[in-house]
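Because only heavy atoms are used, hydrogens play no part in the values below, and waters and symmetry mates are left out as well, while side chains stay in. Note that the numbering runs from 1 along the sequence shown for the chain.
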Amino acid sequence: MILDRHTAPFAVDVQATVLEALRRISENQARVAFLVDEHGTVRGTLSDGDVRRWLVAQPSPDLGALALDAANTDFVSVAEGTPVAEIAELFGRGIDRIPVVDDRGRLVAVATPGARTLTIGSRTVGEGSPSLIIGEIGNNHQGDVDLAKRLVDECVSAGVDTVKFQLRDMAALYRSGSSASAGEDLGAQYTMNLLAKYSLSVEDMYRVFDHCAAREVNVICTPWDLPSADALNSYGMPGYKIASADLTHHDLLTRVAGFGAPMIVSTGMSTEQEITGAVDVLRSQGAPFALLQTQSTYPAPYKDVNLRYMDRLAELGDCLVGYSGHERGWHVPVAAVARGARIIEKHVTLDKTLEGNDHKVSLLPEELSAMVRQIREVEEALGSDRPRELSTGELMNRVNLAKSLVATRDLRSGETVTAADVEVKSPGRGLQPHQRDALLGVPLHRDVPSGDFFYAGDLAGRPQARSDYSFHRPWGLPVRFHDFRALLEVSEPDFLEFHQSAKDMELDLGQFFDSGEKLDQFFTVHAPDLYPGDFLIDLASPDEEIWERSIREVQRVVDLTRDLRKHFTCDEDPIVIITMGGFLPDRHLRPEERYPLYERVQQGLERVDEEGVRLTAQTLPPFPWLMGGQQFHNLFVEPEDTVWFCETYDRRLTLDVSHSKLAANFYQRPFSEYLEAMGPHTEHLHIVDSVGVDGEGVQVGEGEVDFKDLAERMDRLAPTAPFIPEIWMGHVNNGEGFFTALDRLREWF
């Protein structure tokens, strides 16, 4: 059992509505909230069950009613100071949270049977949350306040969640009553001399803590003695670290536990009996705590680290566990996270050659950054044990590498498919081979030329209905030269968008258009995404050869667009969509690093003859899928620098909804901010759904885009911009995916 003195997640104002109380219950995931008045006095408790009973009793429930009307006012509570063992006996029969109140009935803590979460400052750590990474500064500040502050700054830059220090009162800590070490063993004498030289006073430590607050980083500290513990409590620490050496110092454990803040307890140089003894003390005080597996040698041999013991610690403490590392390097903490560590502590220094044991096992700032980055990458890679889902990249590679069922001969509508009519060939655009038995015996509703794919629609035994579409703005279809005629036979789009491959750029237009032919549409052209030799257009590249070729390739697309114009009815210049570049294989750039790349893009565009076309930059996702794997996009991802480019150089955008929604998710920003900023600069729209930070090309309505909000904003911000449904693989089965998207978009557009 623990006494959680972080009561804010449980408290709801007594004047709150049922709906507001329900929101608090949902947020704290504890299934209960406590209604408190302006004095902090508990007036009632409200659980999931209380709400259900209230709803059933109401002829017409009003969620705007006072939560107190639905609350239990005859609730179980305990007085502050009640022994933990007595409180534990009250749990059960539906009670798993008990308010602890002072002599005036004010909420001071919440008793719970046990907890697998800790909240330290702004960070909650537990199942489902990232591991808490602690930068242990300890005494590596060498007794210098300015150096301590600089180490804090380096930890913040590295991305740690919390920094940690140590506080000692030498007079209280050592038997001599001071830093005098005469008569001590050599090891103790060495240590005492170091501590006397490099410890910070309480006042100096407070100054460093104030700096942590200014840098908005959580700070905890290890008290090595009772006066230091009291001094830290006077400051108001959000959490405490207990050193391995104090696991048997039960007076210190009891004193710190009484402060009510979370405790992180290292278990190095301790026997299992000593560990269980410390756990008993912490439990008796109702302290929220976690245990860290630690090997207290400096540096620790890898053979002694024993990460598997974290599993045993979790059982002994019935608590969160983590790892405090004193070995060389940072690969062991990364492995600890993979094994379930929820807290990682690692020392940091500016110079490994400085005096003191800790420096040699500490990480330099750049090493600390690497550890934080790799831990976060491992956490991403751990994923979940839910049923397997294919990633966007896998789906793309599956099309390229997998196999499909294809026709061995020309088949006519009405014929029944036989085994002799089907063979297995790559690529994987059609039905997968395991669906052969389901296909056999099916009467076809369409002609299937020899070598063409069978699709899921063939199993249905009927063609997908094609509707006449009318939208607030011009609509079009993404096409290739080889398939646009077939799509025009079943639909009447306002325009066609030719998505070019590198091979398409070499084709003779005379193969696809009759001399003098002029289709009753306008058109747009999308530049190739990939060229042979793994070349990508990158107008931001510092490599002169890549930059020069990128300019030439953009010019070729513009020239092709001008040549195409004679075959279409175009009142306005056709739009050209370019992925401008600015990608890297391994990282995202900081905002200030992007602007020179935009300038490089503009320098390249100034070399392009754009007469007769409207050249647009496509907005881009943070993690594009290129060449079979994931890359990192930097330009045209965030709205501020994208708009800066447009306004500075009088440029226009093709707003790809999926790409920009993925970017908004990645940067944890409302998508509406992207639309409001980039909408006025939008010339053209690619409308498609998305999931997460890299799930692009998702069918409309099957992802996370709010299409009602999108439509309303675009009608206001870019009312004339034409659009295409850019569904991934939407062209297969004669555009089935595109038409499904159009059917759904009619509700909003």
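Under the salt bridge (charged side-chain N to carboxylate O under 4.0 Å, His left out) criterion, Glu379 pairs with Arg376, sequence neighbours left out. For Asp504, the side-chain contact (heavy atoms from CB on, under 4.5 Å) test picks out Arg480, Phe481, Gln500, Ser501, Leu507, with sequence neighbours left out. For Ser660, the side-chain hydrogen bond (donor to acceptor under 3.5 Å, both in side chains) criterion is met by Thr619, not counting sequence neighbours. Under the salt bridge (charged side-chain N to carboxylate O under 4.0 Å, His left out) criterion, Lys566 pairs with no residue at all, not counting sequence neighbours. In this view, Arg409 and Glu415, Asp421 satisfy the salt bridge (charged side-chain N to carboxylate O under 4.0 Å, His left out) rule, not counting sequence neighbours. Every residue was checked against the side-chain hydrogen bond (donor to acceptor under 3.5 Å, both in side chains) condition with Gln435, not counting sequence neighbours, and none meets it. For Glu423, the salt bridge (charged side-chain N to carboxylate O under 4.0 Å, His left out) criterion is met by no residue, not counting sequence neighbours. Residues that satisfy the side-chain contact (heavy atoms from CB on, under 4.5 Å) test with Arg744, not counting sequence neighbours, are Gln699, Val700, Glu702, Thr740. Here Val688 pairs with Asp656, Ser658, Ile727 under the side-chain contact (heavy atoms from CB on, under 4.5 Å) rule; sequence neighbours left out.
A cation-pi geometry, defined here as NZ or CZ lying under 6.0 Å from the six-membered ring centre and within 45° of its normal, does not hold between Arg446 and Tyr455.
The aromatic rings of Tyr531 and Phe535 sit perpendicular to each other, their planes meeting at more than 60°, with 30° as the lower class boundary. Classified by interplanar angle (parallel below 30°, tilted 30° to 60°, perpendicular above 60°), the ring pair His499/His526 is tilted.
His588 contributes a side-chain N or O that, together with a main-chain N or O of Pro622, makes up a donor-acceptor pair within less than 3.5 Å. Judged by distance alone, with hydrogens and angles left aside, the side-chain atoms of Ser690 form no donor-acceptor pair with the main-chain N or O of Glu696 at under 3.5 Å. Counting only distance, with no hydrogens or angles, the side chain of Tyr598 and the backbone of Phe636 share a donor-acceptor pair below 3.5 Å. The closest donor-acceptor contact from the side chain of Arg412 to the backbone of Asp447 lies at 3.5 Å or more, if one exists at all. Under the 3.5 Å distance criterion, the side-chain polar atoms of Asp538 are left unmatched by any main-chain donor or acceptor of Trp547. Although no hydrogens or angles enter the test, the distance criterion places no donor-acceptor pair under 3.5 Å between the side chain of Ser26 and the main chain of Leu22. No donor-acceptor distance shorter than 3.5 angstrom exists from the side chain of Asn665 to the backbone of Val693, with no hydrogens or angles considered. Not a single donor-acceptor pair under 3.5 Å links the side chain of Thr418 to the backbone N or O of Gly441. Using modelled atom types, no side-chain atom of Ser491 and backbone atom of Pro493 make a donor-acceptor pair closer than 3.5 Å. A donor-acceptor pair under 3.5 Å links the side-chain atoms of Asp543 to the main chain of Ile546, judged by distance alone.
Ion pairing of Glu683 with Arg651 is absent here, as no side-chain N (NZ or NE/NH1/NH2) approaches a carboxylate O to less than 4.0 Å. Using a 4.0 Å cut-off between charged nitrogen and carboxylate oxygen, Arg556 and Asp559 do not count as a salt-bridge pair.
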Donor-acceptor list for residues 707-715 side chains, cut-off 3.5 Å, not counting sequence neighbours:
residue : atom : partner : partner atom : Å
Lys708  : NZ   : Glu712  : OE2          : 2.8
Asp709  : OD1  : Arg713  : NE           : 3.1
Asp709  : OD1  : Arg713  : NH2          : 3.3
Asp709  : OD2  : Arg713  : NE           : 2.7
Arg713  : NH1  : Glu676  : OE2          : 2.6
Asp715  : OD1  : Arg473  : NH2          : 3.2
Asp715  : OD2  : His472  : ND1          : 3.4

Without placing hydrogens or testing angles, list every side-chain donor-acceptor pair under 3.5 Å for residues 571-583, not counting sequence neighbours.
residue : atom : partner : partner atom : Å
Asp573  : OD1  : Arg565  : NH1          : 2.6
Asp573  : OD1  : Arg565  : NH2          : 3.4
Thr579  : OG1  : Gln618  : NE2          : 2.9

Just do the salt bridge (Lys or Arg N to Asp or Glu O under 4.0 Å) check on Arg652 and Glu610 with the steps written out, would you?
CA-CA 13 Å; Arg652 302 288 286 171; Glu610 302 176 44; over 6 Å; no
Given Phe645 and Thr642, is the side-chain contact (heavy atoms from CB on, under 4.5 Å) satisfied, shown in steps? CA-CA 5 Å; Phe645 175 81; Thr642 301; 5.9 Å; no
Next on the checklist: Does Lys661 form a side-chain contact (heavy atoms from CB on, under 4.5 Å) with Asp689? I'd like the steps, not just the answer.
Outcome noted: CA-CA 8 Å; Lys661 172 60 174 169; Asp689 219 328; over 6 Å; no
Requested in this report: Dump the intermediate steps for side-chain contact (heavy atoms from CB on, under 4.5 Å) on Thr416 and Val442, then the final yes or no.
Outcome: CA-CA 5 Å; Thr416 297; Val442 170; over 6 Å; no
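Considering every non-hydrogen atom in both Glu736 and Gly457, the closest pair reads OE1-N, 4.4 Å. Annotation for Pro433 and Val424: closest pair CG-CG1, 3.8 Å, computed over non-hydrogen atoms. When all heavy atoms of Val525 and Leu564 are compared, the pair lying nearest together is CG2-CD1, 4.0 Å. When every heavy atom of Ala402 is checked against every heavy atom of Ser426, the shortest pair comes out as O-OG, 3.0 Å. In this structure, Ser550 and Leu539 approach most closely via the heavy-atom pair CB-CD2, 3.8 Å. Heavy-atom minimum distance, Arg716 versus Pro719: O-CD, 4.1 Å.
Once rounded to the nearest 0.5 Å, the distance linking OG1 of Thr569 with CG of Leu519 reads 7.5 Å. Once rounded to the nearest 0.5 Å, the distance linking CD of Gln555 with CD of Glu553 reads 11.0 Å. To the nearest 0.5 angstrom, Glu497 atom CD is 6.5 Å from Glu726 atom CD. Taking NZ of Lys425 as the start and CZ of Phe453 as the end, the distance is 11.5 Å to the nearest 0.5 Å. Here the CG-CG distance, from Leu487 to Leu496, works out to 8.0 Å after rounding to the nearest 0.5 Å.
For CD of Gln511, the number of neighbouring non-hydrogen atoms (other residues, nucleotides, ligands) closer than 6.0 Å is greater than 12. Crowding of Glu673 atom CD: a count of heavy atoms from other residues, nucleotides or ligands under 6.0 Å exceeding 12. The neighbour count for Glu27 CD, taken as heavy atoms of other residues, nucleotides or ligands under 6.0 Å away, is above 12. When the shell of 6.0 Å around CD of Glu380 is examined, it contains 12 or fewer heavy atoms from other residues, nucleotides or ligands.
Taking the six-membered ring for Trp, Phe484 and Phe512 have ring centres at least 6.0 Å apart.
For the ring pair (Phe, Tyr, Trp, His ring centres under 6.0 Å) with Trp475, the qualifying choice from Phe723, Tyr469, Phe495 is Tyr469, the only one to do so.
Residue pairs satisfying the ring pair (Phe, Tyr, Trp, His ring centres under 6.0 Å) criterion with at least one member in residues 557-577, sequence neighbours excluded, are listed as follows: Phe498-Phe568, Phe513-His567, Phe513-Phe568, Phe523-Phe568.
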